Structures are given as C-alpha cells and as structure tokens.
Chemist: 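What follows is a single structure, and I will ask about it in a moment.
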Amino acid sequence: MLLEAAGIKKVFGKLTALDGAALTVGENEFHGLIGPNGSGKSTLMKCIAGAEVPTQGKVSFINTDITAFTPTERARAGMSLKFQITSVLPSLTLYDNILLALQAQSSLFDLVFSRTRGALHDQVMTMLTQFRLADRAFDAAAALSHGQQQWLEIAMALAGKPKLLLLDEPTGGMSLEERRVTGELLQPIKQHCSLVIVEHDLDFIRDICDRLTVLDQGKVLASGTVPEIQANTSVQEIYLRRA
C-alpha cells in the first residue's frame, strides 16, 4: 500500500474535526475524498500532507511512519500537495514558474553556478506541453485564466516526480469545459503517480477516480469503488439531507 492513514483524530479546541478517519491508497490509484461541507475532507488532507499534526492516529507512506514528518520531509519522500488557493508566482512567466519548481530538486552547487536553466529547458517545455500551456510559456502567469493557473500549479506540483499528488478542490471556480480538460490532463499521470483528490463536483470525481472514501462528521461513512459508493444508501441519505 502506498499510503495508509489510520485512526486519524484531529481536535481544535472543543471541535473534533476528525474522529478516527482512515484512508488507504494503492500505487497508480486515483482516490477521491468526498462528503458534505464540514465533514473533515480538507483536514484529513492536511494531516496526510503534514500541514496539520493529528491529535491521534498514524500516517504511513511507502511503508514508513511519516506521522511526525514535516511537509518538507514528506515532499522529499515523494509526496506533493496543491491546496485550494492558487500559489503560482504571477509576475513570473509560466516558464520560470516551472523552472523554479524543477530547480527545487537541484543541488545548491548547480544552482550557484547557474547550471540548471539550460539543463532543465527540455523538462520545462515537456511539462508545459503536457498541460497545454506551451504556447504561453513566456507570458506572465498573471495573464492566465483561473483554470490555466490551476493547470500550471498542478504542473509545478508534479515537477518533482512525486509518487503521490494531493489535490484539494482543483476545479473550484472553473468552467465546465475547464473541468473536462482538467480530467483529461490528470489521466496520464496515473502511469507514475497516485492521486488523492478532494472535490465537490461529483460528476468530475466519479469520472476520474478508481475508488472513493466518503466522510461525514469527521468519520468514514463508506469506502469503495465508484459503483459501490453510488449504490450505498447511507451515502445517498447524507447528500439528500445536506442538499
């Protein structure tokens, strides 16, 4: 198993955001994390990524206990995260945004002696081409549409060739066409990277994911294949109740 989060509890003062939540993800698996607003999806994602430390529970990644690892240590282990808010550098070109993400993997020696820009050129252009942004390579990131900025940031998150990519509501604010294209852009990464995605667009997440885990009030309500979750009466009830 690539990722296993077991018995995750997270308490904020008097609020219990997660109460024994669990998530397992295999290699080359796209796993969706769904549930009503306030169910604990983003909190569980942050506990996996290291942005929050669980009050109780354990997170294992590639057979290593990473519960106490910092976000930086998790990134070095092969985990990458994209939060809801876009964090591209708007004044820099798309090319330089990708270049900086790639340079983060380079040695200090190579950076000091400026050996990386030429050496990484092909990789930069490959990433931009993969996300349909090559024709905008030397435009400022600020000139992109919201959807294109999201694609750029996903490309940056993949620059380090992670084994696991965590996406928190990547299609928020996108048009229907941008959502469709986002699904197409994500599919090829399954060859070398697993995905955990938090998403409110159930049609989108159903179309790209192999398995789903449903949270409700900080607990796992159900976990299984997409058809299993669609047929689950408890899942149907919470969505009707919260609609």
Side-chain angles (χ1 to χ4, degrees), residues 1-10 16-49 52 54 56-63 66 78-82 84 154 162-172 174 176 179-243:
M1 195 62 63
L2 182 70
L3 172 75
E4 184 172 6
I8 304 298
K9 185 172 185 176
K10 182 61 182 178
T16 300
L18 294 171
D19 191 6
L23 180 70
T24 58
V25 181
E27 291 190 11
N28 309 110
E29 177 184 309
F30 279 13
H31 198 116
L33 193 56
I34 65 174
N37 289 333
S39 60
K41 303 182 299 296
S42 291
T43 302
L44 179 55
M45 184 78 90
K46 290 177 181 178
C47 287
I48 293 169
E52 295 286 355
Q56 293 178 15
K58 179 180 177 180
V59 180
S60 297
F61 182 58
I62 316 180
N63 299 317
I66 63 166
M79 188 181 292
S80 187
L81 169 70
K82 180 198 171 313
Q84 290 172 252
I154 293 171
K163 294 291 291 179
L164 177 66
L165 175 63
L166 308 173
L167 295 181
D168 194 357
E169 299 188 35
T171 68
M174 286 188 183
L176 288 175
R179 292 182 187 193
R180 183 191 67 77
V181 173
T182 300
E184 291 181 357
L185 294 176
L186 288 173
Q187 286 294 348
I189 76 171
K190 188 183 287 189
Q191 300 173 30
H192 55 82
C193 182
S194 294
L195 172 70
V196 176
I197 180 169
V198 170
E199 184 56 66
H200 284 292
D201 185 337
L202 297 184
D203 290 334
F204 174 84
I205 207 167
R206 177 197 63 201
D207 289 343
I208 71 166
C209 287
D210 305 299
R211 297 181 63 82
L212 300 175
T213 290
V214 187
L215 289 180
D216 186 35
Q217 299 181 28
K219 298 180 179 181
V220 172
L221 181 65
S223 188
T225 64
V226 173
E228 288 171 345
I229 296 301
Q230 287 180 313
N232 188 296
T233 55
S234 296
V235 174
Q236 293 170 5
E237 287 173 3
I238 67 160
Y239 276 100
L240 287 173
R241 188 174 74 239
R242 300 293 181 90

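Quantities reported herein were computed from a predicted structural model and do not represent experimental measurements. Heads up: numbering here begins at 1 and tracks the sequence.
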Chemist: Given side chains that start at C-beta, do those of M174 and D201 come closer than 4.5 Å, heavy atoms only?
Modeler: no

Chemist: Name all residues meeting the salt bridge (Lys or Arg N to Asp or Glu O under 4.0 Å) criterion together with E52; count only those two or more places apart in sequence or in a different chain, and write none if there are none.
Modeler: K10

Chemist: Ignoring hydrogens and angles, tell me if any N or O in the side chain of S194 forms a donor-acceptor pair with the backbone of E29 under 3.5 Å.
Modeler: yes

Chemist: Enumerate donor-acceptor pairs with a distance under 3.5 Å from any side-chain N or O in residues 17-27 to protein atoms, sequence neighbours excluded.
Modeler:
none

Chemist: When you measure from the side chain of Q236 to the backbone of Q230, do you find a donor-acceptor pair of N or O atoms at a distance under 3.5 Å?
Modeler: yes

Chemist: Output every pair passing side chain to side chain donor-acceptor pair (under 3.5 Å) with a member in residues 206-215, not counting sequence neighbours, ordered by first then second residue.
Modeler: H31-T213, K190-D210, D203-R206, T213-S223

Chemist: The criterion is side chain to side chain contact (heavy atoms under 4.5 Å, CB included); which residues satisfy it with H200, sequence neighbours excluded?
Modeler: N37, K41, E169

Chemist: For residues L212 and C209, report the shortest heavy-atom separation together with the two atoms involved.
Modeler: CD2-CB, 4.0 Å

Chemist: Can you measure from CD1 (I8) to NZ (K58) and round to the nearest 0.5 angstrom?
Modeler: 10.5 Å

Chemist: Once you round to the nearest 0.5 Å, how far does CD of E237 lie from OG1 of T233?
Modeler: 5.5 Å

Chemist: So which atom in C193 and which in N28 form the shortest heavy-atom distance, rounded to 0.1 Å?
Modeler: N-ND2, 4.2 Å

Chemist: Determine whether V198 and L167 make a side-chain contact, defined as any pair of heavy atoms from C-beta on separated by less than 4.5 Å.
Modeler: no

Chemist: Taking only residues two or more places apart in sequence or in another chain, which ones pass side-chain hydrogen bond (donor to acceptor under 3.5 Å, both in side chains) with N232?
Modeler: none

Chemist: Taking all non-hydrogen atoms of both residues into account, name the closest pair between F30 and I208 and its distance.
Modeler: CD2-O, 3.3 Å

Chemist: Show the nearest heavy-atom pair for residues L215 and I238, with the distance to one decimal.
Modeler: O-CD1, 4.4 Å

Chemist: Rounded to the nearest 0.5 Å, what separation is found between the CD atom of E4 and the CG atom of N63?
Modeler: 9.5 Å

Chemist: Roughly how far, to the nearest 0.5 Å, is OG1 of T171 from CD1 of I205?
Modeler: 9.0 Å

Chemist: State the NZ-CG distance between K82 and L165, to the nearest 0.5 angstrom.
Modeler: 9.5 Å

Chemist: Any chance you could measure I34, atom CD1, to D216, atom CG, to the nearest 0.5 Å?
Modeler: 11.0 Å

Chemist: Over all heavy atoms of both residues, which pair between V59 and C47 is shortest? Give the atoms and the distance, please.
Modeler: CG2-O, 4.1 Å

Chemist: If you count every heavy atom of other residues, nucleotides or ligands that lies below 6.0 Å from I62 atom CD1, does the total exceed 12?
Modeler: yes

Chemist: Taking only residues two or more places apart in sequence or in another chain, which ones pass side-chain hydrogen bond (donor to acceptor under 3.5 Å, both in side chains) with S60?
Modeler: none

Chemist: Quick one: closest heavy-atom pair of F204 and I197, and the distance?
Modeler: CE2-CD1, 3.7 Å

